[in-house]
Asks: 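The structure follows.
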Amino acid sequence: MKVEKLLERSVYECVQGSSETEVCGISFDSRNVKKGDLFVCIRGASVDAHAFLPAVVEAGAAAVVVEEPVSAPEAVTVIRVDSTRLALAEISAAWFGYPAEKMTTVGVTGTKGKTTTTHMIKAILEAAGHKVGLVGTNGAVIGDAVHPTKNTTPESYELQQYFREMADAGCTHMVMEVSSQGIMLNRVGGFSFDYGVFTNLAPDHIGPGEHASFEEYLRYKSRLFRMCRVGLGNQDDDHWEEVKQGRTCELYTYSVKGKGDFFAENVHYRAGGEFMGVAFDVKGRRELAADVNIPGLFNVYNAMAAIGVCSLIGISEEAIKKALRTVAVDGRMEIVYASDDFSVIVDYAHNEVSMESLLTTLRDYRPGRLVCLFGCGGNRSRLRRYGMGEISGRMADFTIITADNSRFEEVEDIIADIKVGMARTDGKFAEIPDRREAIHYAVKHAEKGDMIVIIGKGHEDYQEIKGVRYPFLDKAVAREALREEGRI
């Protein structure tokens with residue numbers, strides 16, 4: 001494909017060679033360059049690909065895209081742009097034939113709820129008979145295939161490649177989690193969303209290698225409403241007025257506290273036997289009675305986002321109700337076992353904010369005992385460990401402190417930090433460093449009415465110890481323990 005075709009939607013200057021140069025492929029990693037490639041020089045947090053230009057030329061690149069003046073042999077075409085990250089997104093979209101334009105696209109952003117909301121939307125669309133692709137924390141899902149992704153929002157070339165596979169597989173709709181980093185780094189450049197959804201905003205992802213401030217974080221989250229045709233936002237969020245500033249889309253709202261375009265009333269929790277969830281009435285532009293198979297008030301918000309956007313797309317009431325009654329999300333308030341005796345839940349909560357929100361929700365179901373099993377990641381903030389220890393000590397009836405991904409730290413040292421937070425409370429706890437043993441202990445010693453919540457890893461299928469990832473999935477280990485006790 002010619003360089004000028006790849007750059008047909010970009011603003012650029014050809015400073016050397018010809019824009020009619022033919023290229024055989026696209027690359028942005030100097031280690032993967034092949035003869036005849038177009039190489040895009042990306043500036044990373046620690047590495048600037050401009051520095052590897054001699055190696056790229058040596059490998060046979062036919063053209064390079066840069067942000068700054070460079071020296072290259074006359075045979076190499078040099079294209080200069082203001083942002084190579086945006087150029088990579090636009091070039092990738094062109095290379096794969098603008099696949100996003102062949103599907104209805106939905107992007108969901110927010111601090112919490114992205115994964116659950118996207119899965120709810122996908123379930124509803126599929127209940128309506130559509131074939132749906134999904135991209136997010138749990139990977140890229142195309143039909144029965146699940147491709148692991150390094151980031152919530154993959155790099156633009158990888159993302160466009162997934163879009164191409166989805167379109168070729170017959171997907172009519174694509175739903176994805178849109179991280180603030182994905183927006184800031186132009187991973188979602190090169191196309192527009194048909195629908196954009198904002199869930200909520202709280203301080204997170206602020207620090208080295210992420211966002212410089214909460215204001216910057218908010219700014220990039222709000223940018224989704226300038227990247228979509230139709231927007232839907234949570235008007236109950238404290239930052240809603242700021243988030244919607246500057247929007248260019250047609251905008252709708254949802255609410256659980258007031259009367260948005262879509263709003264929930266008569267919210268009530270339901271638990272008994274094998275069911276544990278929440279029910280409510282939807283009012284406004286859509287009216288229906290919803291039963292959601294995932295517990296908690298925040299899942300009312302997630303469901304309202306899904307109901308709202310699917311209503312705007314034109315999905316039937318029947319499909320919405322059917323999907324929400326049975327929807328489940330790996331590692332997100334996932335009910336592994338529920339009976340009149342006790343229940344076991346797995347959740348990805350891995351910081352103070354998400355942990356407190358989760359335990360508050362589970363308290364609302366009035367368990368006999370709330371048992372919280374968790375650890376904290378190694379080579380991460382010690383303050384988080386203190387905070388999570390204190391929250392569990394204060395909110396759970398019994399805490400089991402164990403390992404998470406210890407990485408290059410000793411599990412015992414991490415547990416000692418968690419106990420610093422626990423010591424600020426009167427909370428009862430047990431210390432069991434081996435996570436498998438801890439989960440078995442929790443199930444073996446379950447009392448009638450117990451709600452056991454295993455948190456921190458959720459959908460992750462490994463434990464990272466000393467640089468090695470060992471197979472480990474919380475819900476699988478919990479089921480192993482339940483079988484051992486004759487529960488399943």
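What's counted below: heavy atoms across the whole structure, side chains too, no hydrogens, waters or symmetry copies.
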Asks: Using modelled atom types and a 3.5 Å cut-off, is there a donor and acceptor pairing between side-chain atoms of T402 and backbone atoms of I432?
Replies: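 Checking the backbone N and O of I432 against the side chain of T402, a donor-acceptor pair under 3.5 Å is found.
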Asks: Judged by atom type as modelled, is there a donor-acceptor pair below 3.5 Å linking the side chain of Y162 to the main-chain atoms of V141?
Replies: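 Here the side-chain-to-backbone pair does not exist.
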Asks: Looking at R436, is its backbone amide N or carbonyl O close enough to the side chain of Y441 to form a donor-acceptor pair, meaning the two atoms are under 3.5 Å apart?
Replies: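 Between the backbone of R436 and the side chain of Y441 there is no qualifying donor-acceptor contact (under 3.5 Å).
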Asks: Under 4.0 Å between a Lys/Arg side-chain N and an Asp/Glu carboxylate O for E356 and R394?
Replies: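 Salt bridge between E356 and R394, a charged N being under 4.0 Å from a carboxylate O: yes.
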Asks: Counting neighbours of CG on D82 that are heavy atoms of other residues, nucleotides or ligands and sit closer than 6.0 Å, is the number greater than 12?
Replies: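 12 or below, so no.
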Asks: Any donor-acceptor pair under 3.5 Å linking the side chain of D417 with the backbone of R385?
Replies: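 Side chain of D417 to backbone of R385, a donor-acceptor pair under 3.5 Å: no, none is there.
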Asks: Would you please test Y462 and F472 for ring-ring contact (aromatic ring centres under 6.0 Å, His included) and show each step?
Replies: CA-CA 4 Å; Y462 63 86; F472 195 100; over 10 Å; no
Asks: Classify the side-chain pair E177/T152 by whether it contains a donor and acceptor separated by less than 3.5 Å.
Replies: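 No, no side-chain donor-acceptor contact under 3.5 Å.
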Asks: Any cation-pi pair here, R164 with F96, using under 6.0 Å and within 45°?
Replies: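 No, R164 does not sit over the ring of F96.
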Asks: Determine, for Y337 and K475, whether the Lys NZ or Arg CZ falls below 6.0 Å from the six-membered ring centre while staying within 45 degrees of the axis.
Replies: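 Ring-cation test returns no.
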Asks: Does any non-hydrogen side-chain atom of E334 lie less than 4.5 Å from one of V329?
Replies: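 No, their side chains stay 4.5 Å or more apart.
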Asks: Within the supplied structure, the quantity of interest is the number of heavy atoms (other residues, nucleotides, ligands) at a distance under 6.0 Å from K466 NZ; does it exceed 12?
Replies: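 Yes, enclosed.
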Asks: Is E58 atom CD crowded by more than 12 heavy atoms from other residues, nucleotides or ligands, each under 6.0 Å away?
Replies: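 For E58, atom CD is not crowded (no more than 12 foreign heavy atoms under 6.0 Å).
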Asks: Do any pairs count as a salt bridge (charged side-chain N to carboxylate O under 4.0 Å, His left out) and have a residue in residues 418-433, sequence neighbours left out, and if so which ones?
Replies: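 Every pair satisfying salt bridge (charged side-chain N to carboxylate O under 4.0 Å, His left out) with a residue in residues 418-433: E390-R424, K419-E431.
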Asks: Give a yes or no on whether the backbone of A87 and the side-chain of T84 come within a donor-acceptor separation of less than 3.5 Å.
Replies: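 No, T84 side chain to A87 backbone: no donor-acceptor pair under 3.5 Å.
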